[in-house]
There are 2 protein chains.
Amino acid sequence: MPPMSASEESPRRRGRPPSGGREAILEAALTVLRDHGIAHLTSREVAARAGVSDASVYYHFRDRAGLLEAMFERGMKPLLFLQDAEDGDPRAVLRQAAASLEAFFDDVLPILHAAQSDAELRPIVAEYIERKDVGPHRGVENLAGYLRAQQQAGRVNRRANPDAVAMLLIDATFARCVRRHMLIRSEERLPSREALLDEIGRLLEPT
Amino acid sequence: MPPMSASEESPRRRGRPPSGGREAILEAALTVLRDHGIAHLTSREVAARAGVSDASVYYHFRDRAGLLEAMFERGMKPLLFLQDAEDGDPRAVLRQAAASLEAFFDDVLPILHAAQSDAELRPIVAEYIERKDVGPHRGVENLAGYLRAQQQAGRVNRRANPDAVAMLLIDATFARCVRRHMLIRSEERLPSREALLDEIGRLLEPT
DNA sequence: GTCTATAGGTTGATAGAC
DNA sequence: GTCTATCAACCTATAGAC
């Protein structure tokens, strides 16, 4: 058999980096998780999508649990939703925070839900959230800090409880994402995002 | 064989109805779902817990999907949380509604989460929620109706949006239950249930 | 690091006796 | 309606060649 043409860099089908097997597997696994659920997350399915053999999965990640752990670590990206908005109009900041939160939840919800399918996975994901410090208290602290500053500046009602207001916004956004994810299409019968933001905004109005 | 003593109603060990195989299987299945997750919900595991053979599972419920559907139907009990509290103090009613919602979510959350872990199950549960009309808009309508009546009576601020206030309470309670269910133990760093209820209550205060 | 091949176990589902 | 027995399919994980 003649040597392969040098112009053909790799025998691989889709331009994937030469030794990026591990990355390819992780990406494929997250895709399967998001599109079909953890029940379909088998070494074969993942390997086929990554374009490798299923033995490679066990080479890179000891076992199935190892793959899941790596997926959680990769998928649980931290939320940084209030970086340079420290001095905007409170209502506008609320709006912006809600948008960031929505994007964040859409990203991590598949992982969160997958962990609920197995009682043994629950504490593992909970431990990751704890260790990487990406729990909901971070979002509360972040948003509440801004609200407190605005209270000092007299732009937000002093009677408002910043932590509670922040939590209400986060929870409302979370629930909204969950409903959409669950295909509960009763959105037209529920108050709009704007109506909720307006109502939370009322809590901030100076008396 | 002599007739059985009339005083002994049933020969079964634990007060189970004489031919309640179907019921026993359903109960066992729900127990497995709650305690271990849908990943461990196999015909064998369920059958063993119900004290029947696994062939019985397929006799009563065509296949695995049939069992899951029956579980959803049985587990998605409707929420009736504001029956005879039409004339209490708004804050007390909010408190009571939150308690009822918490009990409700604790009940249905395992089923909801199970459905989210598999893309094929999602539309099935969504369809049940739609058909049995147990979606979140029911809770909103219920609570908002009460708030509207209180607005008429002048006990609740007319500027308040009843639907939005109801939704905020429901979402905050939902998120709270989800966090507990997920073992996210940051509750001590988050505002208390009372703080949230107080803040929502502020939305109702007459100006 | 990646492959083929395969062992060993579990699962969904059916057949047929009682 | 309930059982025992069984299958085919699928899954995790390993062994060993390249």
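These values consider heavy atoms only, across backbone and side chains, with no hydrogens, waters or symmetry-generated copies. Just so it is clear: chains get the letters A, B, ... in the order the sequence lines come, proteins before strands, and each one is counted from 1. Being a predicted model, the structure only gives us computed values, none of them experimental.
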remark   = Separation of dT4(C) atom P from Asp54(A) atom CG, nearest Å, is 9 Å

request  = Measure the distance from CG on Leu67(B) to P on dG12(C) and round it to the nearest whole Å.
outcome  = 10 Å

query = Atom CG in Leu147(A), atom CD in Gln152(A): separation rounded to 0.5 Å?
reply = 12.0 Å

request  = Would you kindly give the CD1-to-P distance between Ile38(A) and dT12(D), to the nearest whole Å?
outcome  = 11 Å

task = Send over the distance from Leu41(A) CG to dC10(D) P, rounded to a whole Å.
result = 17 Å

ask   = Rounding to a whole Å, what distance do you find between Arg44(A):CZ and dT14(D):P?
value = 14 Å

query = Please give, in whole Å, the distance from dT11(C) C1' to Asp63(B) CG?
reply = 14 Å

key: Among dC3(C), dC3(D), dG12(C), the one nearest Tyr58(B) by side-chain distance   = dG12(C)

remark   = Side-chain contact check for His60(A): nearest option of dT2(C), dT14(D), dG12(C) is dT2(C)

key: Nearest-nucleotide comparison on DNA chain C, the residue closer to the 5′ end among Arg62(B) and Tyr59(A)   = Tyr59(A)

task = Report, as yes or no, whether the 6.0 Å neighbourhood of atom NZ on Lys77(A) holds more than 12 heavy atoms from other residues, nucleotides or ligands.
result = no

ask   = Can you tell me how far P of dC3(D) sits from CD1 of Ile25(B), to the nearest Å?
value = 8 Å

query = Just by distance, do the side chain of Ser192(B) and the backbone of Ala195(B) share a donor-acceptor pair under 3.5 Å?
reply = yes

task = Grab the two heavy atoms, one from Glu199(A) and one from Leu203(B), that are nearest each other, plus how far apart they are.
result = O-CD2, 3.3 Å

key: Per Ser56(A) side chain, nearest of listed nucleotides dT14(C), dC11(D), dC3(C)   = dC3(C)

inquiry  = Just the rounded figure in Å: distance from P of dC10(D) to NE2 of His40(A).
reply    = 13 Å

request  = Look at the side chain of Thr42(A) and decide which nucleotide, out of dT11(C), dC11(D), dT4(D), has an atom nearest to it.
outcome  = dC11(D)

note = Residues at least two apart in sequence or cross-chain that pass side chain to side chain contact (heavy atoms under 4.5 Å, CB included) with Ala114(A), listed by chain then number, are Leu33(A), Ile38(A)

key: Of the listed nucleotides dA15(C), dT4(C), dT12(D), the one nearest the side chain of Ser43(A)   = dT12(D)

